Undergrad: 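Quick one: structure below, then a few questions.
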Amino acid sequence: MATKQEWADAYLEQAYQDLDAARILTGKAPSVLCVLLQMVFEKAAKAALLRSGQITVTKVNSSHKAASTLIQILKRHRNYLEAIGPGSAFEWKDILPLVQELERANPQLAQQGPQLEYPWEDPQDGSIRWPARDLPVVQRLSDPHDTSGPRLVRFAGQLCNQINSLFG
């Protein structure tokens, strides 16, 4: 049977793969970029939580709320944010809520409502909506004047690089 450490390593390695793809899409296909970033943060968070002993393998394999748990830990322990990069607590204060917004848009959590991967029906007027056009986080990352997308990708990379030292 695999250990928590082996599971954590596997989640982190897959987070890096998703991050590589997200870097390619930065500035393009914002709805797909958001899906990839949501997956990066979920997998990096699962690796961190496994390493720290805060979650079991069974729970980690069935949960889609790891990223928000990790964000709460980062907010409580500002020194973790500082370890991710100098001045990080201030630099990332507007990025951390985006990670949680991406998580809430996971299809498993959003149910039939606004989400990252699939169209949905607006309960108000019955119209069909889809992420690329109608999801606020996607619209924000598609705005060429908003630096959130590249900063979110950079934060994801720095976080992944620090998972082992912060939570190992």
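We number each residue from 1, following the sequence as shown. If you're wondering where the values come from, they're calculated on a predicted model, not measured in any experiment.
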Undergrad: Run the ring-ring contact (aromatic ring centres under 6.0 Å, His included) test against His64 and tell me which residues pass, sequence neighbours left out.
TA: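 Applying ring-ring contact (aromatic ring centres under 6.0 Å, His included) to His64 gives none.
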Undergrad: Sorted by first residue and then second, give each salt bridge (charged side-chain N to carboxylate O under 4.0 Å, His left out) pair with at least one member in residues 1-11; sequence neighbours left out.
TA: Asp9-Arg51
Undergrad: Checking side-chain polar atoms at under 3.5 Å, does Gln72 have a donor or acceptor matched by the opposite partner on Thr69?
TA: no
Undergrad: Pairs in or reaching into residues 28-37: which pass salt bridge (charged side-chain N to carboxylate O under 4.0 Å, His left out), with residues at least two apart or in two chains?
TA: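 Applying salt bridge (charged side-chain N to carboxylate O under 4.0 Å, His left out) to every pair that reaches into residues 28-37, excluding sequence neighbours, yields nothing.
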Undergrad: Provide the closest heavy-atom pair for Ile95 versus Ser148 in the form atom of the first, atom of the second, distance.
TA: CD1-O, 4.0 Å
Undergrad: More than 12 foreign heavy atoms under 6.0 Å from NZ of Lys75: is that the case here?
TA: yes
Undergrad: Give, for atom OG of Ser68 and atom CZ of Phe41, the distance between the pair rounded to the nearest 0.5 Å.
TA: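 Taking OG in Ser68 and CZ in Phe41, the distance rounds to 13.0 Å.
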Undergrad: Report yes or no: does Ser63 contribute a side-chain atom to a donor-acceptor pair with the main-chain N or O of Val60 at less than 3.5 Å?
TA: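 Judged by distance alone, no pair lies under 3.5 Å.
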Undergrad: Where do Asp20 and Arg23 land on the salt bridge (charged side-chain N to carboxylate O under 4.0 Å, His left out) test, with the steps shown first?
TA: CA-CA 5 Å; Asp20 286 345; Arg23 286 181 171 134; 3.7 Å; yes
Undergrad: Under the side-chain contact (heavy atoms from CB on, under 4.5 Å) test, which residues partner Asp122, sequence neighbours left out?
TA: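 Listed in chain order: Gln124, Asp125, Ser127, Arg129.
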Undergrad: Does anything in residues 99-108 pair up under salt bridge (charged side-chain N to carboxylate O under 4.0 Å, His left out), and if so which pairs, sequence neighbours excluded?
TA: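 Salt bridge (charged side-chain N to carboxylate O under 4.0 Å, His left out) check on residues 99-108 returns no pairs.
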Undergrad: Verify side chain to side chain donor-acceptor pair (under 3.5 Å) between Ser165 and Gln162, making sure each step is shown before the conclusion.
TA: CA-CA 5 Å; Ser165 63; Gln162 293 299 321; 2.8 Å; yes
Undergrad: Verify whether one side chain among Gln38 and Glu42 offers a donor that lies under 3.5 Å from an acceptor in the other.
TA: yes
Undergrad: Test of understanding: with side chain to side chain donor-acceptor pair (under 3.5 Å), list the residues that count as partners of Asp134, not counting sequence neighbours.
TA: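 Counting only residues at least two positions away or on another chain, Asp134 forms no side chain to side chain donor-acceptor pair (under 3.5 Å).
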